[in-house]
Amino acid sequence: MIFHILTIFPEFFQGPFAHGVVKRGQEAGLLDIRIHNLRDWTFDRHKTVDDRPFGGGEGMVLKPEPVFLAVESIWPERQPGQKVLLLSAQGRLFNQAMANNLSRVGEVLLICGRYEGVDERVAAHLADDEISIGNYVLSGGELAAAVVIDAVARLLPGVLGNETSAAFDSFQDSGHGKGLLDCPHWTRPADFRGWKAPDVLLNGNHEEIRKFRKQSAVEKTARLRPDLLGSRNLATNEHE
Ligand code: SAH
């Protein structure tokens, strides 16, 4: 899968993609992340990407022209498997279902806003979708782009060492129950400062372990994220 990132801070991404799963995915050739400097599509001496907002007020706005020119030069002819996403505090909330859908798209271009945001014509006439990573305002789209790429990368076939490990992750429909949290995990030592790992996980009975994990995933979801259970009944869920 190919990701393009359009940003005024290309160096920002030296850290986020140089570790763990995302680094391995790139090394294995499963993930190709191409970073583009928005200023490469400006033609004045100062490489100006921003201007004052019409109507007055605080701050600056990213101009439409460099953004349109960048996308048109990266993709001179748009193909169906190519998606342009604008990172925006006003976008649709990013979630695991969107990550799953994106993992099936061939090529995604992420536009990172800065300042007060991006001229609205980018959202209206260039982007296929406007995406927010949460109900808070960041100072730029770069962190959000890194979040989206990390979440999608781990879903690409072959990127995680163990093919099944993403299936049981929180929010996945394939997991311990549709869209629930992952079950809690323990590792050695079995007794840490008097707090014991559950015996059932140590006895090697795989059917009991499976049931325990499912039950503890349901319990943890009910405790911390009851919104994910919706109208589902805890008691019936146990016997699924
Ligand atoms: N004035 C805007 C915020 C601009 S923040 C507003 O109130 O909606 C500058 C840039 O940071 C945005 O253009 C966007 O690209 C990015 N950004 C800020 N918050 C974000 C979020 N929650 N999710 C994704 N991108 C975000």
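Ligands are counted one by one from 1 in listed order, and the atoms in each one are counted from 1 as well. Computed from a predicted model, the values in this text were never measured in an experiment. Only this structure's heavy atoms are used, side chains among them; waters, hydrogens and symmetry mates stay out. Counting from 1, the numbers follow the sequence of the chain as shown.
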For Asp44, check salt bridge (Lys or Arg N to Asp or Glu O under 4.0 Å) against everything at least two apart and list the hits. none
Report the relative orientation of the aromatic rings in Phe192 and Trp195; use parallel for angles under 30°, tilted for 30 to 60°, perpendicular for over 60°. tilted
Under a side-chain separation threshold of 4.5 Å, the hydrophobic residues clustered together with Leu93 are none
Salt bridge Arg213-Asp182, side-chain N to carboxylate O under 4.0 Å: no
Kindly give the cluster partners of Ile209, where membership spreads through any ILVMFWY side chain lying under 4.5 Å from a current member. Trp186, Val200, Leu201, Phe212
For ligand 1, what are the residues with a heavy-atom contact below 4.0 Å? Leu87, Ser88, Ala89, Gln90, Gly113, Arg114, Tyr115, Glu116, Gly117, Ile131, Ser132, Ile133, Gly134, Tyr136, Val137, Leu138, Ser139, Gly140, Gly141, Ala144
Any ion pair linking Asp119 and Lys63 (charged N to carboxylate O, less than 4.0 Å)? no
